[in-house]
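Here the structure is a predicted model, which is why all the values come from computation and not from measurement. All residue numbers in this chain count up from 1 along the given sequence.
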Amino acid sequence: VGEAAGVALIEAVIDFFPSQRRALLKDMLVKNMAVLDAATQAASNRIDDPVTLEAMKASAIEACEM
């Protein structure tokens with residue numbers, strides 16, 4: 001819900017710009033959302049990877065031993 005509200009706010013602000021600039025800003029918003037979705041998915045996949053989990057555990061244990 002929070003993300004949708006944020007996007008709605010940005011879209012409302014974009015609507016105040018002149019039409020030529022508005023089109024560019026809307027295109028930038030769509031592309032930014034696509035990049036954000038891809039980055040979120042990549043991070044989720046990496047966190048779910050057992051190798052990553054073990055590396056994070058090892059790193060935490062090493063930090064505690066210092």
Side-chain angles (χ1 to χ4, degrees):
V1 173
E3 186 175 339
V7 171
L9 177 61
I10 293 169
E11 290 173 336
V13 170
I14 288 172
D15 287 340
F16 283 97
F17 284 85
S19 62
Q20 187 176 15
R21 190 167 290 168
R22 190 179 324 136
L24 174 63
L25 291 170
K26 285 183 179 183
D27 188 40
M28 288 172 58
L29 178 59
V30 168
K31 289 178 179 162
N32 184 54
M33 289 171 51
V35 169
L36 180 59
D37 288 344
T40 300
Q41 185 61 49
S44 179
N45 290 344
R46 186 153 186 196
I47 289 170
D48 291 340
D49 182 0
V51 173
T52 300
L53 178 60
E54 291 306 315
M56 290 169 63
K57 287 178 183 177
S59 179
I61 292 168
E62 183 180 323
C64 290
E65 293 173 348
M66 292 182 152

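Between Ile14 and Lys26 the shortest heavy-atom distance is CG2-CG, 3.7 Å.
Hydrophobic clustering of Ile, Leu, Val, Met, Phe, Trp and Tyr side chains at less than 4.5 Å, counting indirect connections, unites Val7 with Met28. Grouping the Ile, Leu, Val, Met, Phe, Trp and Tyr side chains by contacts below 4.5 angstrom, directly or via other members, places Val30 apart from Leu9. Leu29 and Leu36 fall into different hydrophobic clusters, where Ile, Leu, Val, Met, Phe, Trp and Tyr side chains are chained together by heavy-atom contacts under 4.5 Å.
Glu11 places none of its side-chain heavy atoms less than 4.5 Å from the side chain of Leu25.
Separating the CG atom in Asp37 from the CG atom in Asn32 is a distance of 9.5 Å, to the nearest 0.5 Å. Expressed to the nearest 0.5 Å, how far CZ of Arg46 lies from CE of Met56 amounts to 9.5 Å.
Between the Ser59 side chain and the Ala55 main chain, no donor and acceptor come within less than 3.5 Å of each other.
Asn45 and Gln41 are linked by a side-chain donor-acceptor pair at a separation below 3.5 angstrom, with hydrogens and angles left out of the test.
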